[in-house]
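Data first, discussion second: the structure below is written as structure tokens.
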Protein chains: 2
Amino acid sequence: MLSEGRKKNRVTLLDVARHASVSRATASLVIRKSPLVSTETRAKVEAVMQELGYVYNMGAARLRADRSLTIGVVIPNLVNPFFTELLAGIDRVIDAAGMVVILVNSGDLVARQETLLTRMREHGVDGIILCPAAETEMSLVEKMVEWDLPLVQVLRRVTDDCDYAGVDYAFGMRQAVDHLAELGHRDIAFALHGPVHSAYQERVDGFRDAMQARGLDPENVIRVPHQIAAIAEAAGLFTKGSRRSSAVVCFNDVVALGLSAGLYDLGISIGRDFSLVGFDDVADAEAMRPRLTSVATFPEAIGEGAGKLLLDRLAQPDLAPRKLVKAPQLHIRQSSAIWRGSSLGRQQESG
Amino acid sequence: MLSEGRKKNRVTLLDVARHASVSRATASLVIRKSPLVSTETRAKVEAVMQELGYVYNMGAARLRADRSLTIGVVIPNLVNPFFTELLAGIDRVIDAAGMVVILVNSGDLVARQETLLTRMREHGVDGIILCPAAETEMSLVEKMVEWDLPLVQVLRRVTDDCDYAGVDYAFGMRQAVDHLAELGHRDIAFALHGPVHSAYQERVDGFRDAMQARGLDPENVIRVPHQIAAIAEAAGLFTKGSRRSSAVVCFNDVVALGLSAGLYDLGISIGRDFSLVGFDDVADAEAMRPRLTSVATFPEAIGEGAGKLLLDRLAQPDLAPRKLVKAPQLHIRQSSAIWRGSSLGRQQESG
DNA sequence: CAACTGATTTAGATCGATCTAAATCGTCGC
DNA sequence: GCGACGATTTAGATCGATCTAAATCAGTTG
């Protein structure tokens, strides 16, 4: 059997200690780079470790020391590029701290999320970075705090009693609306989709407040489907009927990409007949043609922030809960343009 | 201290056993759903576990039983949507088996990859799914086999002595070239980029063979930059100069997206003046306008395949190495069209 | 030279489960 | 009523590191 072979010839700290004629305890100190051991012993032990091909056994260490150098990351969706960039940021920070990431995907389902959190706990992760699934109860987070499991909320939050790294969505929305308003647009719609969670609500509220502040209709909010192909088909919602708009602010870049495709199919020229502003500014935004004006939310930086919050908390568990709210930044590109009369309207009326 | 509190009030199997008036061993059997325990004892122990809020300690179990229900996944790049979809597939299968994924990012650097593999080994993963960084030596994989660490190569391979889940790139290239040739194109270029690895080589060879089989020039292979914005700027390579092409097969959809943007900037109409075929068919391909013809490689299915290979090997370590090579499939959309004389050429000449 | 440093080193208990080998129990056949 | 047998249950060793508290050692000091 392989596993037997593996077990038999595994080199343990005891083997190392014996070969180096020191005690297990000393060998352990060497591994942990304790300053207590003398330079010669250290060298001797290290040489033996090299020679025997010793492999550190985290599992044993974890059991005794009650830390695993492991953190859990729970995100609702792997394939959205936004979350991927977030993950890359988290990974960078956690990796640099010598820890590893256990990644799970909740699919935005609370039941599943609960199972996964239990599993992480059983695996003994030192902490968790969680983007709570939509409709997550506050009690869940409170339960985890009760477990003494360090937790950082990212992008979405269900309680203030716990660290949070996210985005100032309201400010982002204001920038988007102000930009379009300054270009002369008055019929501005908000296209959104997806499950309802704090980030959703903050964007909607942000849009409404910004519109209101400009004296524009804050209720021009329209739901579009989830699948990108279906979003494209829904583009007509904004160009036909009584509620015709000349510009749309999108919930995120996925919506923007879908609408962009749909408007293309309708023969409408974005950046001329119609203005489009995305949200998040994922890499695709600059690759689109016409290039997409979008509110950058810097997911990778948010991920790094979340990672740092967690590391800080591991170092000092009694810190008061902190918030890291990043200011987004509007990137103006080709998809938004000066309002030039209702060319779109005329086109429609003549048809 | 929190950690002390945590340690103190942690309920262990021994606590459960005592409360249920059984031995630690019996309680352990209950957890593992052994058929050896009687129905009543099982019910009693489970009730107590519930009541005390017992949490299973994987760490302790792992130490004794020498398995961790954990697997390592090493991929070269998190932000490429292709790898994300792959990861989603792996995650689904591994998760369904009750195991979790430890994810790390090699950045396509061999040195970093080596560090990460060591780290995974220290963490005691039960197996590894590896997409080898470019220029990975065969000896690395052999070393891991020597460690008795079950390994599956995915998408790229450096040895045949080890499981592999990947794509029949040659077949994909043949479909792309045949498609364009049948539309009447003769000046077909291959646009590629990125580090050299088995998947790279197989695509290049596949393109050349397919061109040769059609009696077309197999050497029309052109390198483009890595960044998508830079790819766009390089689009002129295909439309100007002596080596003007009427169609391009792209190394992957990222290149296709970049070239699409660049051709747009040059005022060239894709699907009319010029044909473009992508590779991989990530979700973006169908969202592009004009819709991108692309060779689907089904990354999510490949991920699932890799996961299954690994699970099988964990179950039967002595299985002979297996290969799972998925046939790609051309999805014809708007970006490729019948060759209609050199309208592009004429346009250029008149300029 | 005994007592007292500070710097190293160490024996042995410990973390919380699993595994082995043996004990216990009820029942059945003779 | 005794040994046997299948079904349950269990005591105790074990995995491989870390932690505690104490031992050892080389210099100093009074």
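Just so it is clear: chains get the letters A, B, ... in the order the sequence lines come, proteins before strands, and each one is counted from 1.
Distance from the side chain of R64(A) is smallest to dC19(D) among dC19(D), dG16(C), dT10(D). Proximity note for R24(A) (side chain, C-beta onward) versus dC19(C), dT10(D), dG12(C): the nearest is dG12(C). Out of dC19(C), dT9(C), dT10(D), the shortest distance to the side chain of T26(B) is found at dT10(D).
T12(B) pairs by the side-chain hydrogen bond (donor to acceptor under 3.5 Å, both in side chains) definition with nothing, not counting sequence neighbours. Listed by chain and residue number, T26(B) satisfy the side-chain hydrogen bond (donor to acceptor under 3.5 Å, both in side chains) test with S23(B) (two or more places apart in sequence, or in another chain). With sequence neighbours excluded, the residues satisfying side-chain hydrogen bond (donor to acceptor under 3.5 Å, both in side chains) with R157(B) are E202(B). The side chain to side chain contact (heavy atoms under 4.5 Å, CB included) search around L309(B) returns V152(B), D163(B), A165(B), R322(B), L324(B), not counting sequence neighbours.
Sorted by first and then second residue, the side-chain hydrogen bond (donor to acceptor under 3.5 Å, both in side chains) pairs involving residues 67-86 of chain B (not counting sequence neighbours) are S68(B)-D126(B). Under the salt bridge (charged side-chain N to carboxylate O under 4.0 Å, His left out) criterion, the residue pairs touching residues 101-112 of chain A are D108(A)-R156(A), R112(A)-D95(B), with sequence neighbours excluded. Listed by first then second residue, pairs satisfying salt bridge (charged side-chain N to carboxylate O under 4.0 Å, His left out) with a partner in residues 127-147 of chain A read E114(A)-K143(A), not counting sequence neighbours. The side-chain hydrogen bond (donor to acceptor under 3.5 Å, both in side chains) analysis of residues 298-311 of chain B, with sequence neighbours excluded, yields the pairs R92(B)-E300(B), R92(B)-E304(B).
At a non-hydrogen distance threshold of 4.0 Å, R32(A) from residues 32-48 of chain A come into contact with DNA chain D. Within residues 53-63 of chain A, the residues approached by DNA chain C to less than 4.0 Å at the level of any non-hydrogen atom are L63(A), in residue-number order.
At whole-Å resolution of the value, CG in L14(A) and P in dT14(C) are 19 Å apart. When the C1' atom of dA17(C) is taken as reference, atom CG of L69(B) falls 13 Å away, rounded to whole Å. Atoms CD1 (I31(A)) and C1' (dC19(D)) sit 14 Å apart, rounded to a whole Å. Regarding D66(B), its CG atom lies at a distance of 12 Å from the C1' atom of dT18(C), rounded to whole Å. Atom CG in L13(A) sits roughly 13 Å away from atom P in dA11(C) (whole-Å rounding). Atom pair H123(B):NE2 and dG16(D):C1' shows a separation of 16 Å (rounding to whole Å applied).
Phosphate contact (OP1/OP2 of dG16(D), side-chain N/O of R10(A), threshold under 4.0 Å): present. OP1 or OP2 of dT10(D) lies within a sub-4.0 Å distance of a side-chain N or O belonging to S23(B). Side-chain nitrogen and oxygen atoms of S28(A) include at least one within less than 4.0 Å of the OP1 or OP2 phosphate oxygen of dT18(D).
Rounding to the nearest 0.5 Å gives a distance of 9.5 Å between CG of L78(A) and OG of S106(A).
Shortest non-hydrogen contact noted between Y54(A) and V11(A) is CD1-O, 3.4 Å.
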| field | 5'-to-3' dot-bracket of DNA chain C (Watson-Crick, G-U; under 3.5 angstrom; crossing pairs as [ ]; | other strand) | value | ||||||||||||||||||||||||||||||

Atom pairs and distances, side-chain donor-acceptor, residues 39-51 of chain B, under 3.5 Å, sequence neighbours left out:
from: T41(B); atom 1: OG1; to: S38(B); atom 2: O; distance (Å): 3.2
from: T41(B); atom 1: OG1; to: S38(B); atom 2: OG; distance (Å): 2.2
from: R42(B); atom 1: NH2; to: S34(B); atom 2: O; distance (Å): 2.8

| task | Show your reasoning for whether side-chain hydrogen bond (donor to acceptor under 3.5 Å, both in side chains) applies to S28(B) and R24(B). | result | CA-CA 6 Å; S28(B) 176; R24(B) 211 160 64 256; over 6 Å; no

